[in-house]
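Chain A is the first sequence line, chain B the second, and so forth, proteins listed ahead of strands; every chain is numbered from 1. Treat the numbers as computed from the prediction; the structure is a model and nothing was measured.
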Number of protein chains: 2
Amino acid sequence: MARPREFDEACVLDAVMETFWRTGFEGTSAQALVDATGLGRGSLYAAYASKTGLFEQALRRYQRRAQDHVDQLRQPGSPLARLRDLMEGIVEADCAGSDRRGCLATNSAIEMSGRDPHVAELVRDNFSILIRGIAETIRRGQDAGEIRDTADAETLALFVFNAVQGLRVLAKTTPAQDRATLIAVIDQTLAALR
Amino acid sequence: MARPREFDEACVLDAVMETFWRTGFEGTSAQALVDATGLGRGSLYAAYASKTGLFEQALRRYQRRAQDHVDQLRQPGSPLARLRDLMEGIVEADCAGSDRRGCLATNSAIEMSGRDPHVAELVRDNFSILIRGIAETIRRGQDAGEIRDTADAETLALFVFNAVQGLRVLAKTTPAQDRATLIAVIDQTLAALR
DNA sequence: CTAGTTTTGGAATATTCGTTCCATAATTGG
DNA sequence: CCAATTATGGAACGAATATTCCAAAACTAG
């Protein structure tokens, strides 16, 4: 190796991720990525080959966020309460925040999965992390007698995860003042686990 | 009026809608719209002003589809069975079909609602149509004693609609052979209404 | 039939797109 | 300290972008 990279790869990927997250794949230009990272075009392409490569790396990096959610689920306390925290946190972030950027994996599922199988796989991986985390939490709830065991944990987990994805869609169009209606959806979803 | 339009507005808007539906707003070029409609650039811009104008008209036209779903819900028979038909039809179309284009309103909610308030409103309108249809169906189910009345129909309708939106997201990444897992989600959702 | 108006469709515009290239700078192993 | 090697960042590329323009065609009202 003759010369080391000047930039911090983690920082650069975070900036890239942030940009794709905010404006999507098609909505993000190479120029926008140059601006966001502060790197020259040449450096960016030497390191990541193409816009698609950049996107895939960013999506990989996003799995951290899914893992963060799982960690949150593992915190001590009632499993049902942990699930509620997760869902309310999502509504709060997607709906109250002025960002409205939602979830990068969800956005990518909608924008890209149909056309790019590679992206579809990365999204599936991302989804799987949270689904497994939810299943684990539900199993704990079943053991504690807090959640019914008339269906297995995996089935219930997918049911909850499905509701989470629904919330990510609805939060995009629900005015902040109507947040309460989404909380009602959370109530119904969690009640269905009892 | 000196000269009438040569093209059928409905046909043109259908072609435009189809294109935006398949490739999204940012992913669709003016050229693609020219190709899809067969019109000249000038005619297209004279009639619809801009790509955004075209998109909004297409999204308006899409409300027909929502209305079609409501009509389907109103067909005779058990309200729960009608809801199941709706949801299974969606899974079938989004997942089994090689299209994978999903729902234009859902796609637009994800891609555009955060940045374009006008689009957000059109999406909300679109959503409202189906939500009201579901609420009406649930009310029928409650009257027939088939659906619990421990929550009002509007709340339950949003819960069901939320699940539908979740399915639209999941169907994008679920391989056709795993369709059964989505049917299980439908089962859980409908069971929660009893 | 004609004058007036609108549509038509393709040429033309300036801008932006993703990507490649390259001279320069920086670093390291020998 | 001297090659050899790699990173840097901005210039340059052709293709594609959204939009505008306009001469010719087509229709209608009188």
Side-chain angles (χ1 to χ4, degrees), chain A residues 1-60 104 107-108 111-112 115-116 118-119 122, chain B residues 1-60 104 107-108 111-112 115-116 118-119 122:
Chain A
M1 293 297 134
R3 183 183 171 182
R5 295 256 164 86
E6 268 178 22
F7 61 88
D8 178 355
E9 303 216 30
C11 275
V12 165
L13 270 183
D14 273 337
V16 168
M17 183 185 76
E18 206 73 33
T19 308
F20 280 128
W21 197 349
R22 203 154 13 85
T23 53
F25 179 78
E26 298 283 3
T28 298
S29 66
Q31 184 59 48
L33 295 171
V34 166
D35 293 345
T37 59
L39 269 67
R41 267 171 263 277
S43 307
L44 217 48
Y45 272 83
Y48 302 99
S50 68
K51 190 182 160 186
T52 303
L54 231 9
F55 183 77
E56 289 173 2
Q57 290 299 315
L59 196 47
R60 276 214 180 75
L104 178 58
N107 299 353
S108 304
E111 189 188 359
M112 304 279 290
R115 279 169 287 162
D116 186 333
H118 203 314
V119 169
L122 287 171
Chain B
M1 293 289 137
R3 185 184 169 180
R5 295 258 163 86
E6 265 178 24
F7 60 86
D8 177 355
E9 302 216 30
C11 275
V12 165
L13 271 184
D14 273 337
V16 168
M17 183 185 74
E18 207 73 34
T19 308
F20 279 128
W21 197 350
R22 208 159 3 89
T23 54
F25 180 78
E26 299 283 2
T28 298
S29 66
Q31 184 59 50
L33 295 170
V34 166
D35 293 344
T37 59
L39 268 67
R41 269 171 262 279
S43 307
L44 218 47
Y45 272 83
Y48 302 99
S50 68
K51 190 182 158 185
T52 303
L54 230 10
F55 183 77
E56 289 173 1
Q57 290 299 316
L59 196 47
R60 277 217 179 73
L104 178 59
N107 299 353
S108 304
E111 189 188 1
M112 303 280 290
R115 280 170 286 161
D116 186 332
H118 203 313
V119 169
L122 288 172

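Taken from CG in B:D14 to OG1 in B:T19, the straight-line distance is 10.5 Å, to the nearest 0.5 Å. For the atom pair B:F7 CZ and B:L44 CG, the distance stands at 7.5 Å (nearest 0.5 Å).
With hydrogens and angles disregarded, no donor-acceptor distance shorter than 3.5 Å links the side chain of A:K51 to the backbone of A:L33. Between the A:E111 side chain and the A:E26 main chain, a donor and an acceptor come within less than 3.5 Å of each other.
We find that CZ of B:R5 is positioned 16 Å from C1' of D:dA25, with the value rounded to whole Å. Protein atom OH of A:Y48 is 17 Å distant from nucleotide atom P of C:dT20, rounded to whole Å. Put simply, CD on B:E26 is 13 Å from C1' on C:dT16, counting in whole angstrom units. At whole-Å resolution of the value, CD in A:E9 and P in D:dT6 are 16 Å apart. In this structure, A:L44 places its CG atom 13 Å from P of C:dT20, rounding to the nearest Å. The distance between atom CZ of B:F55 and atom C1' of D:dA18, rounded to the nearest whole Å, is 16 Å.
Considering only side-chain N and O atoms, A:S29 lies under 4.0 angstrom from the phosphate OP1 or OP2 of C:dC17.
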For nucleotides 19-22 of chain D, print each protein N/O atom paired with a nucleotide N/O atom at under 3.5 Å, atom names and distance only.
residue, atom, partner, partner atom, Å
D:dT19, OP2, B:Y45, OH, 2.6
D:dT19, OP2, B:K51, N, 3.1

Anything under 3.5 Å between a protein N or O and an N or O of nucleotides 23-26 of chain C, put it in a table, one pair a line.
residue, atom, partner, partner atom, Å
C:dA25, N3, A:R3, NH1, 2.9

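The ring pair (Phe, Tyr, Trp, His ring centres under 6.0 Å) analysis of residues 26-53 of chain A, with sequence neighbours excluded, yields no pairs.
Residues satisfying the side-chain hydrogen bond (donor to acceptor under 3.5 Å, both in side chains) criterion with B:T28, sequence neighbours excluded, are B:T23. Scored by the side-chain hydrogen bond (donor to acceptor under 3.5 Å, both in side chains) test, B:Q31 finds B:D35, B:R41 as partners (sequence neighbours excluded).
Heavy-atom distances under 4.0 Å link DNA chain D to no residue of residues 14-24 of chain B.
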